[in-house]
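To start, the structure under review is shown below, and the notes come after it.
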Amino acid sequence: MSQLLLGAVLFMFGSGAFAGSTRPAAFVSDLHLGAGKKPDGQWREIEDFRWQGDFDLFLDQMSKRSGDKLDLVLVGDIFELWQSPTMECSTDPNSPRCSVTDCSSGHKDLGCNEEHAIARLDYILNQHPDFIASIQKFVKKGTNQVHFVPGNHDAA
């Protein structure tokens, strides 16, 4: 299993992770699905989630261990909405700056407006169809459930 999943997963059986629940739960955070691959098939430098196969194995094993009765809790920063494939950054150490052209609210301190945030999320989902398919496959087994808690990178 990748360092990403080892560092981002806490698995609990019968711990009552949700008040009054005896269902097992797995907590996953900081996957940072983002800009995906370039047209030539190479990963973009800013893409953090490159371990789809490991994630698939993780979901399969956790579902199996729970008897397909698992609560998968996606606890923040699943999507990387802070970064953009259109982002251009200076390589001049005396003038560090980045320019982002696909995200504007009209005010420099407010970040993306709703339309731009949705467009960025759509882009990310299109770059990671295997992730979405894995989640869909997971919830079709038994009584598995997915719970999503937004983090600061995917709060938009």
Side-chain angles (χ1 to χ4, degrees), residues 1-38 43-87 98 100-107 109-156:
M1 189 175 285
S2 72
Q3 277 187 314
L4 171 78
L5 290 180
L6 287 174
V9 173
L10 170 62
F11 186 67
M12 304 169 70
F13 270 112
S15 63
F18 297 101
S21 174
T22 58
R23 290 173 56 91
F27 296 82
V28 178
S29 70
D30 296 286
L31 296 179
H32 295 275
L33 281 85
K37 293 184 178 182
K38 301 175 193 175
W43 287 109
R44 294 185 190 275
E45 292 81 7
I46 61 173
E47 176 59 58
D48 293 330
F49 187 75
R50 303 177 186 202
W51 300 276
Q52 184 63 52
D54 288 339
F55 186 72
D56 292 343
L57 291 171
F58 167 76
L59 285 182
D60 287 343
Q61 282 298 309
M62 295 301 101
S63 184
K64 183 177 178 180
R65 288 182 183 187
S66 73
D68 298 326
K69 299 175 186 173
L70 183 69
D71 286 323
L72 174 64
V73 187
L74 301 176
V75 191
D77 297 352
I78 302 306
F79 303 109
E80 183 53 76
L81 295 178
W82 279 10
Q83 296 175 347
S84 166
T86 67
M87 185 168 43
C98 291
V100 179
T101 59
D102 69 338
C103 178
S104 175
S105 65
H107 189 282
D109 295 326
L110 295 180
C112 291
N113 64 25
E114 182 178 0
E115 178 185 347
H116 293 156
I118 290 170
R120 196 175 277 184
L121 180 59
D122 284 343
Y123 178 87
I124 290 169
L125 295 175
N126 286 325
Q127 286 291 310
H128 296 278
D130 293 343
F131 179 82
I132 302 306
S134 293
I135 297 295
Q136 290 172 332
K137 179 182 171 187
F138 171 80
V139 298
K140 289 180 180 178
K141 292 180 182 177
T143 61
N144 287 341
Q145 296 181 10
V146 175
H147 308 271
F148 181 77
V149 180
N152 60 331
H153 288 246
D154 46 20

Report task. Would you sort out whether I124 and L81 count as a side chain to side chain contact (heavy atoms under 4.5 Å, CB included), showing the intermediate values? Result -> CA-CA 8 Å; I124 290 169; L81 295 178; 3.5 Å; yes
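Counting all heavy atoms, side chain and backbone alike, Y123 lies closest to A35 at OH-O, 3.4 Å. For the residue pair A26 and F58, the shortest heavy atom distance occurs at CB-CZ, 4.1 Å. Considering all non-hydrogen atoms of both residues, S63 and F138 come closest at CB-CE1, 4.0 Å.
Residues R23 and Q145 form a side-chain contact, since some pair of their non-hydrogen atoms from C-beta on lies under 4.5 Å apart. Taking 4.5 Å as the limit, some side-chain heavy atom of F55 sits within range of a side-chain heavy atom of I135. When side chains are defined from C-beta on, I78 does not count as touching F49, because their heavy atoms never get closer than 4.5 Å. Taking 4.5 Å as the limit, every side-chain heavy atom of D130 sits out of range of all side-chain heavy atoms of D56.
For the side-chain contact (heavy atoms from CB on, under 4.5 Å) test with K137, the passing option among I132, D60, N144 is D60; the others fail. Put simply, the residue from L59, L70, D68 that forms a side-chain contact (heavy atoms from CB on, under 4.5 Å) with K141 is D68.
Note that CH2 of W82 is 14.0 Å distant from CD1 of I46, once rounded to the nearest 0.5 Å. Taking CG of L33 as the reference point, atom CZ of R50 lies at 12.0 Å (rounded to 0.5 Å). A distance of 9.5 Å separates NZ in K37 from NE2 in H128, rounded to the nearest 0.5 Å. Between D77 atom CG and H32 atom NE2 the span is 4.5 Å, to the nearest 0.5 Å.
With sequence neighbours left out, the salt bridge (Lys or Arg N to Asp or Glu O under 4.0 Å) criterion links E45 to K38.
The main-chain N or O of F131 is found under 3.5 Å from a side-chain atom of Q52 such that the two form a donor-acceptor pair. Although no hydrogens or angles enter the test, the distance criterion places no donor-acceptor pair under 3.5 Å between the side chain of D48 and the main chain of L31.
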